[in-house]
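The structure appears right after this line, and notes come after that.
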Amino acid sequence: MNLFSYFRTEIIAAVEKVAPGQDTSKVTAEPPREASHGDVATNAAMVLCKAVGAKPRDLADKIAAELRGHAAVTGVEVAGPGFINIRLADSFWIERLIDVLREGEAYGGSDLGKSHRVNVEYVSANPTGPMHIGHARGAVTGDALASLLAKVGYDVTREYYVNDAGAQVDVLARSVHLRYREALGEAIGEIPEGLYPGDYLKPAGAALAQLHGAKFKDAPEAEWLLEFRGHSVEAMLGMIRSDLAGLGVRHDVFVSERGLVEGGKVQAALEFLQAKGLIYEGVLEPPKGKLPDDWEPRPQTLFKATQFGDDVDRPLKKSDGSWTYFASDIAYHLDKYRRGFASMIDVWGADHGGYVKRMQAAVKAVSEGKGDLDVKLCQMVNLLKGGQPYKMSKRAGTFVTLADLVEAVGKDVVRFIMLTRKNDAHLDFDLDKVTEQSRDNPVFYVQYAHARCHSVMRHAVEIWPDWASIVQTPDPAVLQRLTDPAELGLIKQLAGWPRLVETAAEAHEPHRVAFYLYELAAGFHGLWNKGKDEARLRFLIEEDRDLSLARLALLQAVVLVISSGLAIFGVEPMKEMR
RNA sequence: GCGCCCUUAGCUCAGUUGGAUAGAGCAGCCGCCUUCUAAGCGGCAGGUCACUGGUUCGAAUCCAGUAGGGCGCGCCA
């Protein structure tokens with residue numbers, strides 16, 4: 001239960017009694033910033049006073065009087081310019097603790113999304129080589145966002161768009177042909193400029209040598225290009241899939257750009273736009289600023305992107321007559337829309353920022369205004385070591401593969417750290433810091449809280465071997481023993497989880513989960529240490545079984561919420577950290 | 001030149017979609033280990049929310065402009 005949406009409806013009901021028929025859409029129920037103000041605060045009186053024709057504090061007084069009748073409410077105060085602050089009974093919070101225990105890891109989930117279908121497209125790295133660190137952030141962001149949306153009741157499809165139709169796959173095929181000749185015993189020397197130099201192409205070349213022998217060794221390109229292209233793309237995709245698996249990132253669907261092109265989808269999409277009068281032949285203004293050397297005015301096939309909010313109309317055909325990337329991307333998004341996704345989210349690198357408007361324009365056009373595209377741009381990741389910029393210098397260059405990174409610090413660390421910043425902010429990834437065991441390192445700090453809970457639970461088993469099964473069906477009377485402000489404070493944090501999940505999902509901002517978990521961990525560590533100062537606050541007190549059981553229930557709830565938060569991130573909670 | 005993103009404590013960053021006295025961590029200072037993991041906890045100090053206007057009961061948040069930083073700017077994907 002999201003207690004804030006629950007109280008919002010209660011507040012609106014109170015408003016209805018005091019001032020019937022008002023537009024209550026701007027009424028909120030939120031946790032006050034200051035804990036001393038109470039548990040739930042509403043702006044109802046302030047947003048409605050004008051329409052009602054009353055002073056905000058007078059209106060607040062009336063609404064407050066209504067709210068005082070609620071069973072869970074122990075106090076209502078009007079404060080400041082007209083806030084209504086509500087205090088809730090301890091028993092109400094105990095009920096929320098029971099919610100957690102009853103719902104387990106499902107706690108925090110909801111039907112907010114009403115099973116609406118959402119397509120989240122992420123990674124979509126070109127199939128020309130292994131994934132590097134820059135791809136990792138988008139991969140993790142998309143994966144976690146998909147999980148987050150699924151948690152609040154959306155029907156989520158995780159998708160990968162394979163760019164296997166552009167000129168870069170021809171380059172790939174030629175690069176692999178070189179490796180093929182190498183596998184056949186030829187000395188290939190330096191890799192020529194313009195071809196991919198990486199060693200990772202050797203297995204693909206060797207496999208083709210195995211398959212075809214020397215058949216294509218000296219053959220003209222036209223004879224082998226198609227075969228080599230297909231085979232190479234498969235090989236690279238295999239590598240990417242294995243990189244993704246190493247990171248624990250999964251997709252439901254892989255869509256091939258080539259498949260769209262060869263299936264006539266691009267043609268069809270453009271005919272659709274043509275029929276709507278959104279395509280024309282025209283000449284674009286030269287780009288401002290630095291002009292490309294070979295720029296010359298030329299009539300082109302253009303899409304009327306300006307009609308949907310873009311700055312200029314965008315070309316659909318290259319000078320050689322083939323489709324631009326944008327053209328097939330239009331077809332791709334139309335395809336998504338026709339597959340039943342009115343709601344689409346694309347996760348891209350920040351260098352594609354200039355592409356957002358035109359793609360959103362295209363989605364509006366192909367869906368006739370019914371579709372919606374949100375693009376999450378992931379900013380750069382700066383890899384550091386001990387605070388200094390770090391380059392893992394591979395022989396051929398300085399790029400850092402994802403596989404290397406995962407090997408160095410582990411997939412869970414990579415995943416969590418990638419989610420500790422909002423997507424549009426730069427992220428420093430310090431190889432030393434992320435494995436450091438200190439409060440400065442959020443992964444460790446959260447994991448440590450989880451492990452500490454389990455540590456107490458292991459001790460508890462020695463005293464009350466059956467505690468876990470007792471706690472599973474908690475007795476409210478026993479849980480009432482939790483009366484210390486620190487204990488109740490922790491329950492309140494736990495009770496805030498459903499709201500946090502909903503707001504993070506609606507904002508498409510998985511990083512909020514990381515900050516919530518960090519704060520929850522802080523709340524737990526604080527309570528733990530209180531037990532060091534005051535023995536009566538220790539979790540386990542042998543001579544008081546009920547109190548210990550109540551506290552174990554609280555720990556159990558902390559464990560459940562931390563693990564369900566980490567589950568959204570695809571991170572395995574640790575039970576021990578020795 | 002145009003578009004998008006960013007600017008909050010010495011440093012790294014949150015800020016619940018417009019709420020009350022703007023919060024954490026690190027670094028600094030002061031405390032807390034015979035006790036469930038001190039890998040931790042408590043406290044002190046630290047701010048013109050880049051700047052200037054505007055919108056309204058109320059702005060770090062929305063709008064306009066200015067400054068600084070990043071990304072991008074027909075036939076790359």
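Lettering of chains follows the sequences in order, A, B, ..., and the numbering in each one begins at 1.
The shortest side-chain heavy-atom distance between A:T324 and A:K317 does not fall under the 4.5 Å cut-off.
In this structure, A:R421 reaches the sugar-phosphate backbone alone: every heavy-atom distance under 4.0 Å involves primed, P, OP1 or OP2 atoms, never a base.
Pair assignment for B:rG72 gives B:rC2, based on Watson-Crick or G-U wobble hydrogen-bonding distances that are each under 3.5 Å. Of the nucleotides present, B:rC41 is the one that pairs with B:rG31 by Watson-Crick or G-U wobble criteria, both distances under 3.5 Å. Searching all strands for a Watson-Crick or G-U wobble partner of B:rC13 with both distances below 3.5 Å returns B:rG23. Across every strand in view, B:rC36 sits unpaired, with no contact that passes the Watson-Crick or G-U test at under 3.5 angstrom. Remark: B:rA67 base-pairs with B:rU7; criterion is Watson-Crick or G-U wobble with both hydrogen-bond distances under 3.5 Å.
Residue A:R452 places no side-chain N or O under 4.0 Å from the OP1 or OP2 atom of B:rU37.
The side-chain ring of A:F83 is stacked on the base of B:rA20, judged by centre separation under 5.5 angstrom and plane angle under 30 degrees. Remark: ring of A:H352 not stacked against base of B:rG72; the cut-offs of centroid gap under 5.5 Å and plane tilt under 30° are not jointly satisfied.
In the set B:rC36, B:rG70, B:rC75, B:rG70 carries the atom at the smallest distance from any side-chain atom of A:Q379. For A:E30, the listed nucleotide lying nearest its side chain is B:rG19; candidates were B:rG40, B:rC76, B:rG19. Comparing B:rG40, B:rA77, B:rA14 by their nearest atom to the side chain of A:E257 picks out B:rA77. Candidate nucleotides B:rA77, B:rG19, B:rG15 were compared by shortest atom distance to the side chain of A:Q168, and B:rA77 ranks first. If you check B:rA77, B:rA22, B:rA24 against the side chain of A:Y518, the one that comes closest is B:rA24.
Residue-to-nucleotide contacts include no donor-acceptor pair under 3.5 Å from the side chain of A:N43 to the base of B:rA20.
In this model, no donor atom of one side chain and acceptor atom of the other lie less than 3.5 Å apart for A:T128 and A:Q168.
Taking the centre and axis of the six-membered ring of A:F539, the NZ or CZ atom of A:R551 falls outside the cone set by 45° and 6.0 Å.
Glycosidic conformation at B:rC33 (O4'-C1'-N9-C4 for purines, O4'-C1'-N1-C2 for pyrimidines): syn, within 90° of 0. With its glycosidic angle more than 90° from 0, B:rU66 is assigned anti.
Here the options are A:E159, A:K265, A:E257, the test is side-chain hydrogen bond (donor to acceptor under 3.5 Å, both in side chains), and the partner is A:Y332; only A:E159 passes.
The aromatic rings of A:F416 and A:F569 stand perpendicular to each other, their planes meeting at an angle above 60°, with 30° marking the opposite boundary.
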